[in-house]
Amino acid sequence: MLAALLFVAATGWVPARWTNPDPHSLELLDGTPINCLLMERVTAEFVRAAEARGVAVLRVLDASANTEAAFQEIVVAKPSGIVLEGSPGVEIQGRARELAASQGWRLIEILPRAKLRLDVRSRIVATNQGLWPGIRLFEGGAAQAAPTGGPWVETNAGFLRYLRAATDAEIWMANTPPPKTIIRLQGYQRAIADAATAGARWVVALDADFDRRLHARDREALADWRRIGTYLRFYEDHAEWRNWRPAGGVALIQDEQSGALLSGGILDMIAVKHVPVRPIPRPRLSPELLRGLRLVINVDPASLSAADKEVLRGFTRAGGTLLSGPPGWKFPPPREDTVRLDEKDVARLDEIWREVNSVLGRRNFGARLFNVAGMVSDLLASPDGKQLLLHLVNYTDYPAENITVHVAGRCSNARLLEPGAPPRALSPYEIEEGVAVEIERVATAAALLLDCMP
Amino acid sequence: MTRRDWLAALTGGALLGNQREAPTAPVAIARANGYDATLEDLIARLFDQLGGIGRLVKGKTVTIKLNLTGSPALRFEGRPLGATHYVHPRVVGAVVHAMGRAGAKRIRLVESCWATGGPLEEYLLDSGWPVRALATAAPGVEFENTNNAGKARRYARLKVGPGAWVYPAYDLNAAYEETDVFVSLAKLKNHETCGVTLSLKNCFGITPASIYGDDAGRDEPNENPTKGRADVLHFGKRPPSRSAPQELDPASSRDPGYRVPRITAELVSARPVHLAVIDGIQTVTGGEGPWIRGLKFVEPRVLIAGLNPVSTDAVAMAVMGYDPQAGRGVAPFRHCDNRPKPWVRDPPTSHASRCEASPSSRRGSRSPSSGARSPGMLAPEELVQHLRALPELALERNAPLAPRIRFGIGGRADLYIETACEGSLIQALEILSRAGIRWAVIGGGTNLVVADDGFRGAVLRFRGARLNRCGEVIEAEAGAELQALVDFANGHGLAGLETLAGIPGTVGGAVYGNAGAYGHSIAERVHCVRIWDGSRLRWLPTAECAFDYRESIFKRRPGWVILAVQLRMTAGEAEALVRRSAELIALRARKYPADMQCAGSIFKNVFYDKLPERARRELPPEIVREGKAPAAWFLEQVGAKGMRRGGVQVAVHHANLIYNAGGGTARDLLELIAELKRRVRERFDIELEEEVRFLG
C-alpha cells in the first residue's frame, strides 16, 4: 500500500505552452528540459520537426475550439496527443477520445480542481486552476498599523502535495500568469519551484509580452528564458525526489470533501509555519501510514468510516495524539470556480487552527526553521531513509538570508543545492534537539540535503 | 551582511586601549561607516570616552535590553531587521564583547519578544541573528525573553516611586531585578506615538505581555502570550492581570500620547538605566517599524552612548535634528506629551548629572548641526527656528507627502512648509538656499509622483489663493484652486477658462504644466506670470513663458517659483459658461472619479506630425484631434488597460490613466510606466513622455 502511495512516475514529459508554430522556434528549447509542447494550433511540419528533436506536441482543445477546423488540423498534423482543457463540449470530448484511441495518441485532460478524478488510473492529472505563487498584497490601501506577523504566501503547494499523496499519476499545474501583470523572472522561477517541490510540474506558460519578445529573440528575454531552463533542469536532474516520501511527525487527514483541493487550507497554514506535515488522503488511511507519527490532525471527523476510526483508535492507543475538527464541522463541497478557501471558510478554519497551532507549539516534528518568513518548506525522506531533503522556496522579491534549520535526529553531511549553482557543503552542528544547519542565502529556491545517521 | 561576515569580523576585532579621563555622565558620539569590522573598536572607544565601563561592570551581572520592535517576519524593503528598525546584531555583539573584556561576570540579553513567550534565542534566529556567535562573544552570555516569568518563574515588582501617573509599580520578569547593571541598547528612530524611540522609549518593552498584553490573563499572567500590549498600555482599554498593580486613576486619559510617555518614564524610574547605547548607523525615519506608512531607510552613521539615558536621548534627538525640549504638537512629538518632565526636571536615573558630549568623540562624528546635509538627517534646529519665525508659515518635519498628493504614494519630506504669505515663502526659499538645503515647490499634488524614499530637503506649498478682477483681466495667486478660478471667471461672465473646469490642482500647477483639455489650455489666456527667480520678483510676459503642449519654461527653470498669474479674458454670458463647465465636470468625473488616487493622464498625447510611419499606418485618422494622437490609443494597443504592478493599476476604462488601487508604491508606478513605454516603443517606435512630475 505504502509503495503504491509513494509511486510516482519517475520521468515524463516536461510541458510548456507554446504559441509559435514556426519549426525554427523549437531551437529555443535547446538547453531546456522541455520535451512536450501544448499548442492551440499545430502543423504537420512543426510536429515532424518537434518529433525529430524528441519533443512531443499536444494539440489543446478547449471550449472555444472551432470543432471542425480543429479536428481537421489534428488529423493532418498528427500530433503526439490531444489535451482537453477546461470544459469543452461533450461532442468535442467524444470525438477527441475516439480519435486519440484510434490513433494511439495520448489524451490528457486539464480540469478544474473540483473535477479532478484521483481514483482512476490516469497517467497525468492536470489542472489549470492555480494561484500565482508570491506574496499577497494588502488590498484596499495601507499596511495595517500594527506590528503583525509575516506576509501571506500564495502557493499551490498544499493542494499539490495532497494530489501527490492521493494519486500515483504525474501532476501538472497548468495555470497561466495572471493577465495584465508584469511578471519578473523570479515569478516564473517560483512557479516552477512551487510545483516541483510538491512533486508536480508547472506547465511553463509565458505572459504574452515575454512570449512575444522571446520568439522575437529579444536579448533580455533569451537570458531570462535560459534561467527558466536552469530551474526546470534543476528539478528534472533530481527527478528521484518525486519518489521521496513526506517526512515529519505530523500528518493531516484530508479528502476532496474536506478542503484538500483548495489552497490556503490547514496544510498550507502548517507548511507556512514550517512544520513538516504528511498529507494522508482519507481513502488511503492505514496503520502503516501512521507509523512514526506523533500527531494526526483530522479536520473532518464526520467523514471517517468505521474502519478509519479503528485505525485512528489504534494510533492513539499506541501513544499518538489525534486532533479532530469540531463535531459537525464540514467544508463546503468543492466548486468548479473555487481555488482557495474564501474568507468565511478561513474564519471557520480558525476554530481548529488555533488548537492545531497550540498543539504544534515550538515542538520539533522533524525540522524547525528560523528566519523564513515569506518562504514555504517541505521535508522529505529518501525511500531508504538515509537522507532527508528540505525544499525551500522564497516567495518574496528579496533574497532570504541567515536561515537556521534545526533538524530532529542525527545527521552528518549537509549540502545546499540551488539551481544554477554548484552544491555547497554546510557544517551541521549538534544542538539539543538534533543538529542545526545555517544557510546564508536563498534567492528563490534551494534544497538542503542531509545524510542521516541511524 | 551574512553571519559569516559577522563572525569573521567579531573574531578579528580588537579593542584599543585609548584610555582617557572621561567627564562625568558624558555622552559620546562616534561616526560609523557601517556594521563592519571596525565596530568593536568604535564601541570600545565610545566606552573609553565615557570613562571606561570596567568600574561599572567588572564582576557584575549586566542586563542588556535589546530593541527588537514588532514581528521578525515583517521586513522593510526586504532589508535585514538590524538595518532598519531592530538594533543591529553586530552592535549587540560588539557591546557584549566589550562588556566581557571589561570583566562582566554575567551578560544577560533581554527583550519582551513580540507576541511570543518562546526563548529569546529562537526569536533572534527568526530575526536572522548569529545566536551562536553572540553566545560566545563574551563569557557568561545568557538570553531571556522577558515577555513572561521566564527562567526564574517569578515576577519582580518594581516600584515607580513618588510622582507616578499611571501605575504605582510594575510586575516584570525577574531579570530586571536580578541585575547589577541595566543597559538600554536602542535604535535611533522615530516612533509614531512617542516621536522618538531611543534609550528611554526602549524601556517600554520591558513589560511582559503575559500581564500587560492584549491576551494577558484576567487574574493571573498568561505565560503563553500571543499578542501585543496596545490594549492595556497604549489605550488603557483593559487592565493588566489582577495579580499586578492596577492603574492609579482609571478615569485618566486613554490617549496613547498621554499614556505611553508617562508609562515609559515610570518604567525608567522603576528600572533605572545605567548605560544607554544607541545604534544610529542604519535605521528608518518616520516611525518605529514597517507597519507605519511613509517609513524611509536612512544612514545617519552614528553610534551614541552615555551614562544617563536622558542626556543620551537628548543628544540623539539633536542628532536627529529635533529639539529635545519641544512640546506636544511640535515634531517629533506631534501626537504625544514630551512633558513627563520628571525625567528632565528630576531625572529618575541614579547616574544623571550633566549632559555634555565628549569633545574627542564629537570630532570623530558628524555633529547634529551639519545633519541637514548629511544623508538621511533632518534640517538643523537653528534653521528650523529661523523658518518658524516667519509670519503665517507652518512647518512640519519629517512630513508624510503621500496624503498631500492625489496619487497617495511616496515617502516623507525632511521639511514641509506651507504659507499663504508671498513674502514668507520667498524668505523661506532664501533661508533654505543659503543653508544649502534642497527644496521643491509643489502645487496641489495632482500631477506629482513622490519617490518611496521621499524627498531629502524641503517641500514648500504656496497657499496664497486670492482672485481679483480688473475689467477683463483676472489676477490669481498660484495657490488658488484651478476650479475656483474657473468658477470666478464664469461667475463674472468672463470666458476663456470654462473648458478647464474639473481639472484638479492649483493655478500655479496649471501654469507650470500648461494644463488644458478639449483643445484649449491655460496658456491661451495667460497675460503674464509673477515669479520669484531666485534673486528678484518679476512679471514674466507670456511670450517669455515658452508655453507649448503641456510645457512651459517653468519646467526648465527649477529655481523659479510661480506666485501669481494675470489672465486676459473675453466677455461672455455667465449662465452659459457655468453650464458648459458643469457639463465638462460631469464628463470628466466619469473618466477620473474624484476619489480615484491618480494623476489624471500619465502620458502626454503625441503630435501627429512627429509620429513615425509605422504608427501613422495603424492609427485611425478619426481619433487625431488638434494635431495630436491620444497616448491612450497607443497604450490600449499594447494591452495597457487593466495592467497591474503591485498596488498600481492602469484603469480598465482608460489606458492613459494609472491609479493607486491600494498600497501602491512609487516603485510599482515607475515599473509600470517603464513597461508601458517599452511596449509602445517596441510596437510603434514612439517614445511616450510623462505628463506627471517626479519628486525625490
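The chains referred to below are lettered A, B, ... by the order of the sequence lines, with proteins before strands, and numbering in each begins at 1.
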Region of [X] that comes under 4.5 Å of a non-hydrogen atom in chain A:
| X | value |
| --- | --- |
| B/Ala402 | neither |
| B/Glu288 | neither |
| B/Arg679 | side chain |

Please identify each residue that fulfils salt bridge (Lys or Arg N to Asp or Glu O under 4.0 Å) with B/Arg681, with sequence neighbours left out.
B/Glu687

Does some side-chain heavy atom of A/Lys180 sit less than 4.5 Å from a side-chain heavy atom of B/Gln649?
no

Residue pair B/Pro119 / A/Arg362, side-chain heavy-atom distance below 4.5 Å
yes

Given the options A/Thr396, A/Asn371, A/Asp218, A/Asp397, which has more heavy-atom pairs under 4.5 Å with chain B than any of the others?
A/Asn371

As a quick check of understanding, evaluate side-chain contact (heavy atoms from CB on, under 4.5 Å) for A/Ile182 and B/Leu672, giving each step before the final call.
CA-CA 8 Å; A/Ile182 300 171; B/Leu672 190 54; 3.8 Å; yes

Count the heavy atoms belonging to other residues, nucleotides or ligands that lie under 6.0 Å from [atom1] of [X], then report whether that count exceeds 12.
| X | atom1 | result |
| --- | --- | --- |
| A/Glu40 | CD | no |
| B/Arg667 | CZ | no |
| B/Glu223 | CD | yes |

Which residues share a side-chain hydrogen bond (donor to acceptor under 3.5 Å, both in side chains) with B/Gln597, sequence neighbours left out:
B/Asn660

For residues 398-426 of chain A, pull every pair meeting ring-ring contact (aromatic ring centres under 6.0 Å, His included), keeping only residues two or more places apart or in separate chains.
A/Phe370-A/His406

For chain A, which of B/Gly287, B/Gly289, B/Ser127, B/Pro72 has the most heavy-atom pairs under 4.5 Å?
B/Ser127

Nearest heavy-atom approach of A/Val372 to B/Asp126 is N-OD1, 4.4 Å

When rounded to the nearest 0.5 angstrom, what distance separates CG in A/Asn357 from OG1 in B/Thr226?
9.0 Å

A/Ile183, part contacting chain B, at a heavy-atom distance under 4.5 Å:
neither

Checking heavy atoms, do the side chain of A/Thr181, its backbone, both or neither come under 4.5 Å from chain B?
both

Do NZ/NE/NH1/NH2 and the carboxylate oxygens of B/Glu671 and A/Arg184 come within less than 4.0 Å?
yes

Evaluate side-chain contact (heavy atoms from CB on, under 4.5 Å) for B/Arg132 paired with A/Glu438, printing each intermediate quantity in order.
CA-CA 11 Å; B/Arg132 277 202 303 163; A/Glu438 291 176 357; 3.8 Å; yes

So if I take each residue of residues 206-213 of chain A and look for any heavy atom under 4.5 Å from a heavy atom in chain B, which residues do I end up with?
A/Asp207, A/Asp209, A/Arg212, A/Arg213

